J.: 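Quick one: this structure, given as structure tokens, is what I'll be asking you about.
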Amino acid sequence: QVQLVESGGASVQAGGSLRLSCVVSRYPFSRYYMAWFRQPPEKERGGVAVISPDSGIITYASTVEGRFTISRDNAQNTLYLQMNDLKPEDTAMYFCAAADRGLWPSQRLFDRAYAYWGQGTQVTVSS
């Protein structure tokens, strides 16, 4: 079955940087959109960033644009999220997600559009 394994979460101070990785197996990685979502404590899950199969389309949530960078390495079946200038409000469980079909623009940061999910990696930002 498809597996997604996130790593890189940690506790950091505000202003710091962190790089998350998601390694995907048993999946045609290069064919589909990939995304990062996050869920702060006691809040709903929301989209962070999404990237098209060829990296030609990238979309960020307004709260992270300019600070976070999503990228993918199709040869290594790996998705990345570089997070800079971290803020306490970035504290959340971060999830990697993979689609199983093409996505319309309105679906790209919609969690229900993604078929496969990792277990999450915790990011905690202290002030």
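The structure displayed is predicted, hence computed values, not measured ones. Numbering starts at 1 and runs along the sequence shown. Any value given below was found using the heavy atoms of this structure, including those in side chains, with hydrogens, waters and symmetry copies removed.
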J.: Considering non-hydrogen atoms only, spot the tightest contact between A49 and L81 and give its length.
T.: CB-CD1, 4.4 Å
J.: Taking all atoms of both residues into account, what is the closest heavy-atom pair of S127 and P88, and its distance?
T.: CB-CG, 4.1 Å
J.: Is a side-chain donor or acceptor of E6 paired with a backbone partner of C96 at a separation under 3.5 angstrom?
T.: yes
J.: For A92 and P40, work out which heavy atoms get closest and say how close.
T.: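 Scanning both residues completely, I find the closest heavy atoms to be CB-N, 3.6 Å.
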J.: Might you point out which heavy atoms bring S55 and I51 nearest each other, and give the distance in Å?
T.: OG-CD1, 3.5 Å
J.: Tell me whether the rings of Y27 and Y32 are parallel (<30°), tilted (30 to 60°) or perpendicular (>60°).
T.: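 Taking Y32 first and then Y27, their aromatic rings sit tilted (interplane angle of 30° to 60°).
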J.: Shared ILVMFWY cluster between I57 and V50, side chains joined below 4.5 angstrom?
T.: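 Yes, I57 and V50 fall within the same hydrophobic cluster.
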J.: Begin with the C-alpha distance, continue with both residues' side-chain angles, and end with the deciding distance and a verdict on side chain to side chain donor-acceptor pair (under 3.5 Å) for R26 and Q1.
T.: CA-CA 6 Å; R26 292 185 285 275; Q1 62 271 40; 4.7 Å; no
J.: Please walk me through it: do L109 and Y60 pass side chain to side chain contact (heavy atoms under 4.5 Å, CB included)?
T.: CA-CA 8 Å; L109 278 176; Y60 297 98; over 6 Å; no
J.: Is L79 linked to V64 within one hydrophobic cluster, defined over Ile, Leu, Val, Met, Phe, Trp and Tyr using a side-chain heavy-atom separation of less than 4.5 Å?
T.: yes
J.: Flag the pair M83 / V12 as yes when at least one side-chain heavy-atom distance between them is below 4.5 Å, and no otherwise.
T.: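 SC-SC contact between M83 and V12 ruled out.
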J.: Verify side chain to side chain contact (heavy atoms under 4.5 Å, CB included) between L103 and F110, making sure each step is shown before the conclusion.
T.: CA-CA 10 Å; L103 301 180; F110 179 50; over 6 Å; no
J.: Closest approach of A98 and M34, non-hydrogen atoms and distance?
T.: CB-SD, 3.4 Å
J.: For Y114 and A99, which heavy atoms make the closest approach, and how far apart are they?
T.: CD2-N, 3.4 Å
J.: In the structure I gave you, are the side-chain heavy atoms of W117 and F37 within less than 4.5 Å of one another anywhere?
T.: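 Of all side-chain heavy-atom pairs linking F37 with W117, at least one is under 4.5 Å.
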J.: Do L4 and W36 sit in the same hydrophobic cluster, where Ile, Leu, Val, Met, Phe, Trp and Tyr count as joined when their side-chain heavy atoms come under 4.5 Å apart?
T.: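 In one cluster with L4: W36, yes.
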J.: Is there a donor-acceptor pair closer than 3.5 Å between any side-chain N or O of R72 and the backbone N or O of F29?
T.: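 Yes: the side chain of R72 pairs with the backbone of F29.
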J.: Quick one: which residue pairs count as a side-chain hydrogen bond (donor to acceptor under 3.5 Å, both in side chains) with a foot in residues 87-102, not counting sequence neighbours?
T.: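 Sorted pair list: R38-D90, R38-Y94, R67-D90.
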J.: Identify each donor-acceptor pair in which a side-chain atom of residues 15-24 lies under 3.5 Å from a protein atom, sequence neighbours left out, and give them as a table.
T.:
{"residue": "S17", "atom": "OG", "partner": "N84", "partner atom": "OD1", "Å": "2.9"}

J.: Determine whether F68 and I58 fall in the same hydrophobic cluster, where Ile, Leu, Val, Met, Phe, Trp and Tyr are linked whenever their side-chain heavy atoms lie under 4.5 Å apart.
T.: yes
J.: Could you walk me through whether V48 and F95 pass the side chain to side chain contact (heavy atoms under 4.5 Å, CB included) check?
T.: CA-CA 9 Å; V48 176; F95 298 91; over 6 Å; no
J.: Can you establish whether the number of heavy atoms outside Q122 located under 6.0 Å from its atom CD is more than 12?
T.: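 Yes.
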